[in-house]
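Report on the structure given below.
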Amino acid sequence: MAGRIVAWRAHGKTVFAHVSDSAGRLQLYFRKDQLGDETFGLLDHFDLGDIIGVAGPLFRTRTGETTVRVESVELLAKSLRPLPFGKEETVDGETVRHSGFSDPEQRYRQRYADLAVHPEVRSLFIARSKMVTSIRSFLDGLDYLEVETPVLQPLYGGAAARPFETHHNALDMPLFLRIADELYLKRLVVGGFERVYEIGHDFRNEGIDRTHNPEFTMLEFYEAYADYETMMGRVESLMVSVSSSLRSLPIVGEKIPVLAPPFKRIEWVPSLNSAAGADVMSCTDAELREISRRVGVQHPEVLSRPKLIDEIFQALVESKLKNPTFVIDYPVELSPLAKPKRGNPALTERFELFANGKEMANAFSELNDPVDQRARLEGQATLKAAGDLEASGVDEDYLRAMEYGMPPMGGVGIGLDRLLMYMTDTVNIRDVILFPTMRPE
RNA sequence: GCGCCCUUAGCUCAAUUGGUUAGAGCAACUGACUCUUAAUCAGUAGGUUCUCGGUUCGAUUCCGAGAGGGCGCACCA
């Protein structure tokens, strides 16, 4: 077997060592009389961090640990730079680590070293991979088609965010890194791929903090002839399927929440009114500011009315949703991209899923009326011309696609970094991204 | 952006009211040791104390500015 030396205990003519590979740690036992003077002498040159290959029979030591009695050994790669291994001991069944590698910045910058010395970090990223596998198999099982759409886009849209801009030399034209997949996926539904999804990176040229990284992984899926009710069921099943697939993993498995469908559903307006003790939508602006002050919204005087209402909702309702809960039927003012609710045009067919006070998913019955869509995009273009850096322009090609006839459909976006954070009880997004965006050293 | 905290050896941390040559464990190097497991024991080497400036006989320590980082809040999906 082969692996990296992670512990070394030399006792003169005998040596005990542990090597680590992707399957775990294994103890090795070297004896001078077994290996011969020459081979045993080579062991002097081994360091922690070296990668070696050994062969020999397994046995159990006096303390019962399975161990390789090494008959031959070979150095496969030399470690010139000491890996910052801590030492581990087991106290009452708990692994206690001493003098490890703990500076968060260095761990992110040198993820290779972080992974090499921290098995629990490896297991978190294994969980990430399993999560994605589980999502694919869930959607594939529903006859969804996985597709790839452009990362480099001549126009950006599908969300409100500032983009990264780049330039194509041969075409001498600006290109933007996508902020969302949405508009291309919906073009594909027009083309007849009635169930499509994409898992990929979106890029937003905004701040970095513990829940934001400039590039992050987004899952979006669209289903023709479905509405937001259907999509709520999809999201619920997907969450349950992911959590059960992760729960069987070692180390991280015990952190994964047990999800019991159906998730709670609350309607946006009634839940806000009961939390605020007032009919919020009919409040005057002055009354809204008063409520804002009471619930701790900062600078209510500079916020627009829809923004103010949204802030109050976040403070009173969203932040208190611990168990997964669908918030449904958003006011139309807050949801410019969603289809009006059948039977109540003041609301939209939209839901968001919250857990631990954080948004997990955002979904709509998608707007498929090209006339309405054009009016909304032109409104955005006006804002953009007026200097709103987050507003998008008019995507004529997208409108053309919609004008050919876009089936009604439900669409969902789920930020996978945040989903993994929720599943594994991780607070910082950098902990679930292998190489988070960093300032240069 | 605001507040609080932090920055000393490869890693984890000390250093008395401001006082001599900045210490310890691990890792590295040398030596002893044939069932150890944070192995043990003896020794060696390793430092621009984040940077710049100030106060002082003397600064890791006090003051100012800057850089980087962590946490919280705000903003932002």
Side-chain angles (χ1 to χ4, degrees), chain A residues 5-18 25-35 40 43-50 59-67 69 79-91 95-110 113-114 116-118 158-162 179-180 202-218 296-300 302-303 307 310-311 314-315 318-319 337 352 354 358-362 389-390 413-415 417-418 427-431 438-441:
Chain A
I5 300 171
V6 295
W8 190 262
R9 297 178 295 281
H11 302 77
K13 298 185 182 64
T14 176
V15 174
F16 284 92
H18 276 94
R25 282 162 63 104
L26 179 64
Q27 183 165 255
L28 308 180
Y29 180 44
F30 301 88
R31 292 172 62 101
K32 191 171 190 177
D33 56 8
Q34 182 108 45
L35 289 168
F40 195 81
L43 301 186
D44 283 345
H45 301 295
F46 287 5
D47 293 321
L48 288 185
D50 288 355
F59 73 107
R60 282 192 189 280
T61 60
R62 200 162 57 189
T63 55
E65 182 166 350
T66 302
T67 300
R69 186 186 304 277
S79 169
L80 292 180
R81 191 187 285 271
L83 272 170
F85 282 109
K87 297 213 165 187
E88 288 182 0
E89 70 175 327
T90 304
V91 179
T95 300
V96 180
R97 193 174 291 135
H98 303 271
S99 303
F101 182 41
S102 64
D103 180 351
E105 184 189 359
Q106 293 309 319
R107 291 177 59 183
Y108 300 137
R109 285 193 188 284
Q110 302 182 40
D114 186 34
V117 305
H118 293 137
R162 295 183 63 177
I179 58 172
D202 288 347
F203 304 83
R204 299 188 183 175
N205 205 339
E206 293 169 349
I208 297 177
D209 65 22
R210 70 185 193 291
T211 56
H212 296 87
N213 195 66
E215 63 179 304
F216 59 97
T217 304
M218 184 65 101
V297 175
Q298 306 278 317
H299 311 302
V302 302
L303 298 176
K307 189 70 194 161
D310 193 34
E311 289 287 331
Q314 279 185 26
E318 282 182 16
S319 60
L337 300 173
E352 294 195 302
F354 290 89
K358 302 268 169 52
E359 181 193 325
M360 293 288 121
N362 186 13
L389 296 166
E390 290 188 348
I414 298 180
D417 312 281
R418 291 186 184 180
V427 188
N428 196 320
I429 197 168
R430 290 175 158 185
D431 290 326
M438 303 287 286
R439 195 185 292 274
E441 272 187 275

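Predicted model, so just to flag it, every value in this text is computed and none were measured. Labels below follow one simple rule: chain letters A, B, ... track the order of the sequence lines, proteins then strands, and each chain is numbered from 1.
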Quick one: side chain to side chain donor-acceptor pair (under 3.5 Å) partners of A/Arg60, sequence neighbours excluded? A/Thr66
Distance check: side-chain N/O of A/Thr63 vs OP1/OP2 of B/C35, anything under 4.0 Å? no
Would you mind telling me which of B/C35, B/U34, B/U37 lies closest to the side-chain atoms of A/Lys13? B/U34
Over how many whole Å does the gap from A/Asp209 atom CG to B/C75 atom C1' extend? 9 Å
According to side chain to side chain donor-acceptor pair (under 3.5 Å), who are the partners of A/Glu65, at least two apart in sequence or on a separate chain? A/His18
Quick one: list whatever passes side chain to side chain contact (heavy atoms under 4.5 Å, CB included) with A/Ala315, sequence neighbours left out. A/Val295
Side chain to side chain contact (heavy atoms under 4.5 Å, CB included) involving A/Pro82 - partner list, sequence neighbours excluded: none
Which residue, A/Leu48, A/Asp44, A/Leu43, forms the side-chain contact (heavy atoms from CB on, under 4.5 Å) with A/Phe46? A/Leu43
So, using side chain to side chain contact (heavy atoms under 4.5 Å, CB included) as the criterion, who are the partners of A/Asp431 when residues are at least two apart? A/Tyr108, A/Thr426, A/Asn428
In whole angstroms, how far is the C1' atom of B/C75 from the CZ atom of A/Arg162? 13 Å
Between A/Gly207 and A/Gln106, whichever has its closest RNA chain B nucleotide further toward 5' is A/Gln106
For A/Arg81 and B/A9, give me the distance from atom CZ to atom P, rounded to whole Å. 15 Å
Residue A/Pro82, side-chain heavy atoms: nucleotide from B/A27, B/C35, B/C11 that is nearest: B/A27
For A/Glu65, report the nucleic acid contact type (base, sugar-phosphate, nothing); a contact means any heavy atom under 4.0 Å. base
As a test of your reading of the structure, name each stem of RNA chain B as range with range, where a stem is three or more consecutive Watson-Crick or G-U pairs at under 3.5 Å. B:1-7 with B:67-73, B:10-13 with B:23-26, B:28-32 with B:40-44, B:50-54 with B:62-66
Determine the contact category for A/Ser102: base if any of its heavy atoms lies under 4.0 Å from a base atom, sugar-phosphate if only primed atoms, P, OP1 or OP2 are that close, otherwise nothing. sugar-phosphate
Which part of the nucleic acid, if any, lies within reach of A/Asp33 when heavy atoms closer than 4.0 Å are counted: base, sugar-phosphate only, or nothing? base
Filtered N/O pairs between nucleotides 49-51 of chain B and protein, under 3.5 Å:
none

Indicate, with a heavy-atom threshold strictly under 4.0 Å, whether A/Phe59 touches base, sugar-phosphate, or nothing. base
Choosing from B/C76, B/U34, B/C29, which nucleotide comes nearest the side chain of A/Asp47? B/C29
Quick one: label A/Glu352 by what it contacts on the DNA or RNA (base, sugar-phosphate, nothing), any heavy atom closer than 4.0 Å. base
Which whole number of Å gives the distance between the P atom of B/U61 and that of B/C6? 13 Å
Take atom CD1 of A/Ile5 and atom C1' of B/A27, then tell me their distance rounded to the nearest Å. 13 Å
Closest approach to the side chain of A/Phe101, judged atom by atom: which nucleotide of B/A74, B/C11, B/C35 is it? B/C11
Can you name the side chain to side chain donor-acceptor pair (under 3.5 Å) partners of A/Glu105, sequence neighbours left out? A/Arg109
For nucleotides 39-46 of chain B, list the nitrogen or oxygen atoms of the protein found under 3.5 Å from its nitrogen or oxygen atoms, one pair per line.
from: B/A39; atom 1: OP1; to: A/Lys87; atom 2: NZ; distance (Å): 2.5
from: B/A39; atom 1: N7; to: A/Ala10; atom 2: O; distance (Å): 3.4
from: B/A39; atom 1: N6; to: A/Ala10; atom 2: O; distance (Å): 2.6

Sequence neighbours excluded, which residues qualify as side chain to side chain donor-acceptor pair (under 3.5 Å) partners of A/Thr14? none
Among B/C11, B/C75, B/A28, which nucleotide sits nearest the side chain of A/Pro84? B/C11
Between CG of A/Asp33 and NZ of A/Lys13, what distance do you get to the nearest 0.5 Å? 10.0 Å
Assign the ring pair A/Phe16 / A/Tyr29 to parallel, tilted or perpendicular, where the plane angle (0 to 90°) is split at 30° and 60°. parallel
Partner set under ring pair (Phe, Tyr, Trp, His ring centres under 6.0 Å) for A/Phe30, not counting sequence neighbours: A/Trp8
Would you list the protein and nucleotides 68-71 of chain B atom pairs, both N or O, that sit under 3.5 Å from each other?
from: B/G68; atom 1: OP1; to: A/Arg439; atom 2: NH1; distance (Å): 3.0
from: B/G69; atom 1: OP1; to: A/Arg439; atom 2: NE; distance (Å): 3.3
from: B/G69; atom 1: OP2; to: A/Arg439; atom 2: NE; distance (Å): 3.3
from: B/G70; atom 1: OP1; to: A/Arg430; atom 2: NH1; distance (Å): 2.8
from: B/C71; atom 1: OP1; to: A/Asn428; atom 2: ND2; distance (Å): 3.3

